[in-house]
Amino acid sequence: MTDQITDQTTADRTYQPEAVEAKWQRRWAERGTNQPDLDRAERPFYNLMMFPYPSAEGLHVGNMFAFTGSDVYGRFKRLQGFDVFEPIGFDAFGIHSENFALKVGVHPAELIPRNIANFRRQLTRIGAMFDWRHELSTTDPTYYKWTQWLFLQLFKAGKAYKKAAAVNWCPTCKTVLANEQVVGGLCERCDTPVEQRTLEQWFFRITEYADRLLADLDDKSKMDWSETTTTAQRNWLGRSEGARIRFALDQASAGHVVGGPDVRIEVFTTRPDTLFGATYLVLAPEHPLVDALAPAEAQQRIAAYRDQVARHDLVSRKTNREKTGVFTGAYAVNPATKRPIPIWIADYVLMEYGTGAIMAVPGHDERDFEFAEKFGLDIVRVVAAEGEAADAPLEQAFTDDEAGRLVHSGFLDGMSVPEAKRAIVAWLEREGVGEGVVNYRLHDWCISRQRYWGPPIPVVYCDEHGAVPVPEDQLPVLLPEIEDFRPDDTGVSPLARHEEWYFTPCPVCGKRARRETDVSDTFLDSAWYYLRYPSTEFDDRPFDAARTRKWCPVATYIGGNEHAVLHLLYSRYIAMVLHDLGYVDFDEPFRRFRAHGLIIKEGAKMSKSRGNVVVPDEYIARWGADTFRMYLMFLGPFQEGGDFRDEGISGPRRFLDKVWQLVGDTVREDACDEMRHDVLVKWHQTKKRVTEGLEELRYNTAIAAMMELVNTLREANCCARPVVESLVVMLAPLAPHFAEECWERLGHATSVFEARWPTFDPALTVEQAVEVVVQVNGKTRAKVTVPRDADQAAVVAAALADEATRRFVGEGEVRKVVHVPNRLLNLVVG
RNA sequence: GCGGACGUGGUGAAAUGGCAGACACGCCGGUCUUAGGAGCCGGUGGGGAAACCCGUGCGGGUUCGAGUCCCGCCGUCCGCACCA
């Protein structure tokens, strides 16, 4: 008897997470707790988190943090009565997997399923409410079949095309490298200087959508996104207003160019107002006009220069600022001054931006100034600051476009920069030598990769019919399982070596043709995965129309801000295209997006080399998933991240132990028949703070509010059932297994997730008697307790009854009284 | 260089323009104990015996009142980076 009581007390005292968590994970699976009815759900809520790349190391604590934060929100919505769909999948194609596979010498097709199995185990262990029926992997043929289908839709709509583009090339590994594999101009594997090569690549015309992608960012009805993310996208799109100007060749140069008098060099500039100061032109080294322009005697130095440029990889070319270039030997005519100006080539002008050519205005552009100084080119001032002489010498480029007036600029003289811009654009248009345009920094999306581990681009090349799309009924074009998937020195994908696969009949004429050997970019896989989740069981369509209407767009999307630009922009683009092609009825895929913060460890970034990587499994094994979840959500604001320190985790664990005891008290006694008023108020305040905190993803303060409530209950010796039950419900999103177990102990036969989210009475969130801070000249001198909503006179009277207040007011006259009801009284004494 | 975020105790962090440091960790003291790396109780920004004074990176400003708003610096982190 005695023993029994002791046992019971011990069992009561501390919470044993391991058994409890296993029990509830089993029950959730058995009961289908986390499986909404996708066809009949009445209040659908699509709660999405960015799917992980299944690395060999397993989920790291950053993933856990992100997924838990998203799961907490999903569970919160569930408790608010929504039918929450929370799917998970794996972004398993791509260079990461391929490189890792090369390193360890195991085929990715073998490696990935192993990694996924490990991820699945970890994701289950953390207790997220995933609907596993809808799991997907981008490497699954039933998935990438539809990625290929997506390519075909864009191809058929004229939104995909092929053109030559530069890639990084390692001459030792004899392979194409992604930008992130180039470290300081060297190949990350063998440290060989990386070169650039030009290859034919597939592109999507995302630039067609630049204006729409930009406009929606300001449309709150479509997009409720973190400000930092929309700003990043705005910068990436890089809209700039300016003009296109066409320069003719001067007579001498035109003489030796084929079609000389008709050749025009088109430039883009944001400062057309400085046209009179344009003293030379610069073309990108690979500009198609260069060869035609350059007289014979210049050809050799141009070839040498191009060679020099080609030896630099793309990355260092974009970071090395030392200006280089050569004169082409040709001259153009400045349409404003009518003077001949030399045409140079230099790699500080990028072929990818604008027209690949610029008019150089060294007086008013830093780069042009630097270049002109180095090569002794003319520098002319055409803008002078207020009070500055028109001929004041230029020590550096004067780039301020808000101050100053035009000088040495003919009919523009005396105008401000904005006035001059308008005037010169009007003049250009009248003269037919240019026009005002909007230009974007955004480039078309290069989707081809000369790699193995991705979905083959579904195109066949026929000698007679050119690039032919693979008919949809022949999809998927399966990625063949080849032993040696290492890229080789041909510069084309390893797939080209697989003859049986490579040669295939032309879909049009049936003659022998060749398959496209490039695979598509991983970002294409992830640009539409949210559409697949609700429809994973359909193998005859990428996404079911009714399902998509019911569940999309995604209600809340959570992920890292490292994807602020590429993934999120590509997904938006694909949604717009599918919308325009009539496949979906929305054109923005993610209604609400929030970026989570980053976890650091004891003040430093986690990294393998530092040896400070937190392995979640160990912590979960030691403390339990719920404690771990609580700690992750408590260590800092979810959207800012925080510092993971081992000592901190005991706080949430002690808190759960206290709640466990409280539940035990309630089950045993349920005795607190009369609740103290301040406890009642605290209870309602807590419900308010937790509800608002979870909605705003401020989990750390929501947890703090619940801790305060528990401290109050313990201090007041209260274990009233309604309070404790509501506490358990509020805790359920954060500590789901724990809450389920408590709920059961409290006598409920159903899941706590069938319960209703607690409501609060706003009137009860404020005390009847309030403490008002009394300040004298803005400094706190006393606190007085007055009835709630007491008027100013009453508060002043109460304040002046206070000895300390009187002392500070002293002999002075109260000149002004500031009264914030229920909070503060400030007496300003003259 | 451009863009963004941020700067508060010993630590992680709280604060609709209104009591700076909630909550938690750690630490100190007490209690219980054969024991304590468990639990419980109390304390914990700095100075001061106290009354009080000083405190949110630095310097100005707005305001009755500023961690919060404005201007200018300094520093940290994250993007982008010769974008014409």
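Throughout, protein chains are lettered first and strands after them, A, B, ... in sequence-line order, and every chain is numbered starting at 1. Bear in mind the structure is a predicted one, so any value in this text is a computation, not a measurement.
At the heavy-atom level, Arg239(A) lies nowhere under 4.0 Å from the strands shown. Counting any heavy atom pair closer than 4.0 Å across all strands shown, Arg654(A) reaches sugar-phosphate atoms only and no base atom. Among the heavy atoms of the strands, none lies under 4.0 Å from Phe655(A). At a threshold of 4.0 angstrom between heavy atoms, the contacts of Gln775(A) include nucleobase atoms, whether or not backbone atoms are also involved. Residue Arg441(A) is in base contact, counting any heavy-atom pair closer than 4.0 Å across all strands shown. Contacts of Pro652(A) with the nucleic acid, taken as non-hydrogen atoms under 4.0 Å apart, are absent. Across all strands, Asp368(A) comes closer than 4.0 Å to no nucleic acid atom at all (heavy-atom distances). Counting any heavy atom pair closer than 4.0 Å across all strands shown, Arg244(A) reaches no nucleic acid atom. Heavy atoms of Glu771(A) sit under 4.0 angstrom from at least one base atom. Contact annotation for Arg689(A): no contact, since no heavy-atom pair falls under 4.0 Å across all strands.
Side-chain N/O atoms of Arg823(A) include none lying less than 4.0 angstrom from OP1 or OP2 on rU16(B). Contact check, Arg807(A) against rC52(B): a side-chain N or O comes under 4.0 Å of OP1 or OP2. Phosphate contact (OP1/OP2 of rG65(B), side-chain N/O of Asn777(A), threshold under 4.0 Å): absent. Regarding contacts with the backbone of rA24(B), a side-chain N or O of Asn711(A) is found under 4.0 angstrom from either OP1 or OP2. Residue Lys779(A) places at least one side-chain N or O under 4.0 Å from the OP1 or OP2 atom of rC54(B).
Under the 6.0 Å cut-off for aromatic ring centres, Phe644(A) and Phe65(A) do not qualify, their centroids lying 6.0 Å or more apart. Here Tyr348(A) and Phe371(A) bring their ring centres to under 6.0 angstrom of each other.
When the C1' atom of rC2(B) is taken as reference, atom OH of Tyr353(A) falls 14 Å away, rounded to whole Å. The CE atom of Met630(A) sits 16 Å away from the C1' atom of rA13(B) (whole-angstrom rounding). In this entry the distance linking CG of Asn561(A) with P of rC6(B) reads 13 Å, nearest Å. To the nearest angstrom, P of rC77(B) lies 14 Å from CG of Leu598(A). Rounded to whole Å, the distance from CG on Asn826(A) to C1' on rC19(B) is 12 Å. Note: CZ (Phe638(A)) to P (rA14(B)) measures 14 Å, nearest angstrom. Atom NZ in Lys601(A) sits about 18 Å away from atom P in rU11(B), given to the nearest Å. Rounded to an integer number of Å, the gap from CG of Leu350(A) to P of rC80(B) is 16 Å.
On the C1' atoms, rA13(B) is 33 Å away from rC32(B), given to the nearest whole Å. If you take atom P in rG21(B) and the same atom in rU44(B), they sit 12 Å apart, rounded to whole Å. Look at the P atom in both rU68(B) and rG7(B): the space between them is 10 Å, to the nearest Å. Taking atom P on both rC69(B) and rG18(B), the two are 11 Å apart, rounded to the nearest angstrom. rA66(B) and rG12(B) have their P atoms separated by 27 Å, given to the nearest Å.
Scanning both residues, Phe247(A) and Leu275(A), for their nearest heavy atoms gives CZ-CD1, 3.8 Å.
Both the sub-6.0 Å distance and the 45° axial angle are satisfied by Lys687(A) relative to the ring of Trp683(A). The cationic group of Arg594(A) does not satisfy the cation-pi geometry with Trp225(A), failing either the under 6.0 Å distance to the six-membered ring centre or the 45° limit from the ring axis. Annotation: cation-pi geometry satisfied between Arg781(A) and Phe808(A) (NZ/CZ under 6.0 angstrom from ring centroid, within 45° of ring axis).
Side-chain to base pairing of Lys816(A) with rC64(B): no donor and acceptor N or O lie closer than 3.5 Å to each other.
The backbone N or O of Thr765(A) sits less than 3.5 Å from a side-chain atom of Gln685(A), completing a donor-acceptor pair.
Taking a pair as Watson-Crick or G-U with both hydrogen-bonding distances under 3.5 Å, the stems of three or more pairs touching RNA chain B are B:1-7 with B:74-80, B:10-12 with B:23-25, B:26-31 with B:39-44, B:45-47 with B:52-54, B:57-61 with B:69-73.
Every residue was checked against the side-chain hydrogen bond (donor to acceptor under 3.5 Å, both in side chains) condition with Tyr631(A), not counting sequence neighbours, and none meets it. The side-chain hydrogen bond (donor to acceptor under 3.5 Å, both in side chains) check on Glu241(A) picks up Arg239(A), with sequence neighbours excluded.
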